[in-house]
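Numbering of ligands and ligand atoms starts at 1, following listing order. Atoms considered below: every heavy atom in the structure, side chains included; atoms not considered: hydrogens, waters and symmetry mates.
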Amino acid sequence: MTNSEEKKGLDFVRAKVEEDIASGRYDGRVQTRFPPEPNGNLHIGHAKAFNLNFSIAEEYGGLCNLRFDDTNPVTEETEYVEQIQADIRWLGFDWDDRLYYASDYFEQLHDFAVQLIKLGKAYVCDLTQDEMREYRGTLTEPGRESPYRDRAVEESLDLFARMRAGEFPDGTRTLRAKIDMTSPNINMRDPVMYRILHATHHRTGDTWCIYPMYDFTHCLSDSIERVTHSNCSIEFEDHRALYDWFLDELGVFHSQQLEFARLNITRTVLSKRKLLTLVDGGHVSGWDDPRMPTLSGMRRRGYTPEAIRDFLGRVGVAKTPTTIEVELLEHCLREDLNRRAVRVMAVLDPLKVVIENYPEDQTEEFEAVNNPEDESAGTRMLPFSRTVYIERADFMEDPPKKFFRLAPGREVRLKHACLITCTGVVKNDAGEITELRCTYDPESRGGDAPDGRRVKGTLHWVSAAHAVPAEVRLFDYLFREETVDDEPVTTPDDDAAADVADAVPPSRTFDFASLLNPASLTVLTGCMVEPGLRDAATGVPYQFLRNGYFTPDSIDSRPDGLVFNRSVGLRDTWGKIQKAQKKG
Ligand code: ATP
Ligand code: MG
């Protein structure tokens, strides 16, 4: 998309930003932030969020901060903090020196809480979690006021100080905002601001035994950083009233929260907590398993930042939730790799072919085009000798009519090399084909027939004397069904509330076993690849002719033990889906 095209179809977030710039709100300043919780690796849904925030800052001459929302000491880890930064950088974004942590604001947040108590807008409540739930009411019934709601300001101040001092066990008291127990918006029914949690925090250690809730922390962190547009996903829409309430009651800088639809993709789970279940359950090799929709997994699989940004651009930003076909994501990757991948020879299921009229001790080299889509990629020399490997599936002893590849008496082209004709089939005692015998036409060097005769089949091959063995990993979807994740999305405070109650948070009950595709990983050993691939570098994409796009595995591949991941196959199914959608 060009700039002017983008302007025409401005999404609602950018439209709001432009409106605010035009009206002089925030003095025309644009400040965004991306606020991940360091409790897992980022997935492509997060990429939608940070792509939006960083891009808006870029487009409107503003800044975007990276802020770790680290208010839940129980689930957060430093390792995730590092990985998240690496993933954002990989996609091409930078926050310069504006790396912040909500935990850096703990003291300030505590002071804001004290201020709200003094204003009569917050109180210490002694209800247990279960009682609190009872008092909260339901969507159709109003809540009831806590018996502690009207306790004296002095008493709440004293109790809050003693909560902080560690006098009370976990879960025995909370600090709550005094708003409205009859509000139709349950988030406004005296929400918890602080909970007691004797847990070590990844940054503040044991300094605190009370921790602020997400809703209280988030709006004030935005305010402290003077964020103008606080863009978040739609599950926070009902929390905006509370976001605004805290800022209004405290009379501090007021950021604007805007909610956009989450990214959903077919056959894909986009929830850190659920992905963690996959990791913990050993269903994948880790957060960076190439089948995972995490940025670390996608990178390892061979996704490029360009393909992901192209995809996110096509998906766009809107308020209405939609589910995007995973085939569109694959299409974007395929288009990008088609432009940049060098075409190479790799035989995944080798069948030996001996060319009987080719001299035994001879080798020669044929020139091969690196990328027909990109002339500047140049050419390379491919070694050839008397014995080559072809794909087992490229030979049939008794071929059906439409089979144009190799068969007894048939002539085919070995790409870039020469024409060969099958003269014999060698089998073992079990009747399996172990080897083919062929002759070649010495006049057909480079693969052109000297007399212009038609040869339909063109096969990829490698020279047996020069080929390098490799392991190849093929991937299918992790989930069998199109739709895997239609449960309501929870917010950090839903989960924190459940944590306090020592219950299982709603998002942690996901039952994977029945949904998983048992054939999502296929490992092929004994593959043979052209010798140049011995030096294949991590992150460099290749097209294995006729087999798809591949890249060396960043963890397991070594020069003396090559391992390639298939990033995506060659066949594009997105066009077909689009056509069907237009018809339907
Ligand atoms: P999850 O729900 O996947 O466990 P989260 O929402 O708890 O993730 P955070 O680290 O809190 O993860 O999210 C950081 C930001 O990314 C938030 O602003 C959130 O709205 C946004 N985000 C998370 N998932 C998606 C998604 N699928 N699509 C768009 N934005 C998302
Ligand atoms: Mg969430």
Distance under 4.0 Å to a non-hydrogen atom of [X]: what atoms of ligand 1 satisfy this?
| X | answer |
| --- | --- |
| F34 | 14 (C), 15 (C), 16 (O) |
| P35 | 14 (C) |
| P36 | 10 (O), 14 (C) |
| A49 | 16 (O), 21 (C), 30 (N) |
| F260 | 29 (C), 30 (N) |

Donor-acceptor side-chain pairing of D206 and T200 below 3.5 angstrom: yes
Any idea which heavy atoms bring [X] and [Y] closest together, and the distance?
| X | Y | result |
| --- | --- | --- |
| Y123 | S146 | OH-CB, 3.9 Å |
| L275 | V269 | CD2-O, 3.6 Å |
| D222 | R67 | OD1-NH2, 2.6 Å |
| L270 | I44 | CD2-CG2, 3.8 Å |

Above 12 or not: heavy atoms from other molecules or residues under 6.0 Å from NZ of K319? yes
Is it the case that over 12 heavy atoms from other parts of the model lie below 6.0 angstrom from the CD atom of E481? no
Are any of the N/O atoms in [X] less than 3.5 Å from those in ligand 1?
| X | value |
| --- | --- |
| G45 | yes |
| N231 | no |
| L263 | yes |
| E37 | yes |
| R33 | no |

Heavy-atom proximity to atom 23 (C) of ligand 1 ranks first, among H46, R273, K274, for H46
Looking at ligand 1, would [X] count as a contact under a 4.0 Å heavy-atom criterion?
| X | result |
| --- | --- |
| H43 | yes |
| D69 | no |
| F50 | no |

Here's one to test your reading of the geometry: is the NZ or CZ of R203 within 45 degrees of the ring axis of Y101 and under 6.0 Å from its centre? yes
Counting N and O atoms only, with roles assigned by atom type, does the side chain of H218 sit under 3.5 Å from a partner on the main chain of D215, one being a donor and the other an acceptor? no
